[in-house]
Amino acid sequence: MNTLTGVQLAGAAAEHGRTLLGETYEVWRVAGILAVVAAVGYEMAMALTRLIGLRLPFLVLYIARLTTPKSEWPYLYKAWKGELHAILDASKGFWVIKSLKGLKYALPLALGAARLTAKIREVRVKQAHHRSSAFEVVEALRFSVVTATFIGSGVLFTLAAALGVPWWTAWSATWVPFLFGIRLSYVLGPSSPSPQDDKSHDE
Amino acid sequence: MEQKHLTPAAVRLAQTFLEDPTRRFYATELMEAAGVGSGSLYPALARMEKSGWIVAEDEDEGDPTPKKRGRPARRYYWMTGEGARAAHLALVELSNSVRPPASSPGWLIDPTPEGV
């Protein structure tokens, strides 16, 4: 039996050259090349999948941009991006698990929590804007009172001069109401917005 | 913060903050400690911040660590002194409002329904 196999192998070697496990060198060479190509392809596919997998939560998070007001987005996204980066950047753990954790973090924000958070924050900003608008109206009104008083004083002074009233009487008749008008405009107007109100604009 | 805004997530967050009011939390730390998801966390944090219970600050303000590590800055949250007091009172009020009436005979009723 052994002799027969040895004869057969010798015959095969004579026919195809040197063999290993019954296959010729050319077959092993092709198999080796295919193995390297498959390994490189697998690694590249895995790297691409890992890359996409780890970027996907950021993409999902960015969907929240569609429902978040433009004014609130930079402030909110800055915090969310930092946290998501921390979730995905954890040194331990399989990338698939990290990616799923990232999606678990980003998905609720994209599905409405971002809009709700912005809405809660925006109310405060709107209130500040509302107070600011009211303040502008009062300021305009105050300016009108001062202007009206100034014009009225000028008319009074002209009348007094035309009627030949002594200068000190004309002076009193014009400047006293004028100063009184200015004082009155400040008494009637509400106080200025506090610095805390302005602070909410900055946030 | 009004009691209607004390959602289960807000209550758990308040409890987490109150365990150590001086501690600063990142959002993910809060999520783990309080057991809430991001969808409940951020609206609750926004309400707490609006009410002055907590303060938020980015870590890169005076801290070069994020830049050194090549990652974006994270935001951390901590409770103000006034916030700790208000949160404590709000939780006590909530606890009182959901307490069963003293006249309730609940503990006297046999847990096994009749006829079983």
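Below, chains carry the letters A, B, ... as their sequence lines are ordered, and counting in each starts from 1.
Here the straight-line distance linking atom CE of B:Met31 with atom NZ of A:Lys101 works out to 10.5 Å at 0.5 Å rounding. Rounding to the nearest 0.5 Å places CD1 of A:Ile120 at 7.0 Å from NZ of B:Lys50. To the nearest 0.5 Å, atoms CD (A:Glu83) and CZ (B:Arg74) are separated by 4.0 Å. Between A:Ile87 atom CD1 and B:Ser38 atom OG the span is 8.0 Å, to the nearest 0.5 Å.
At a heavy-atom separation below 4.5 angstrom, chain B is approached by A:Tyr105, A:Pro108, A:Leu109, A:Ala113, A:Leu116, A:Thr117 within residues 105-117 of chain A.
Between B:Asp58 and A:Lys78 there is a salt bridge, with a side-chain nitrogen of the basic residue lying less than 4.0 Å from a carboxylate oxygen of the acidic one.
Residue A:Tyr42 places its OH atom among 12 or fewer non-hydrogen atoms of other residues, nucleotides or ligands, all under 6.0 Å distant. Heavy-atom neighbours of A:Arg55 CZ from other residues, nucleotides or ligands within 6.0 Å: at or below the threshold of 12.
Geometrically, B:Arg75 engages A:Tyr75 in a cation-pi contact defined by less than 6.0 Å to the ring centre and at most 45° from the axis.
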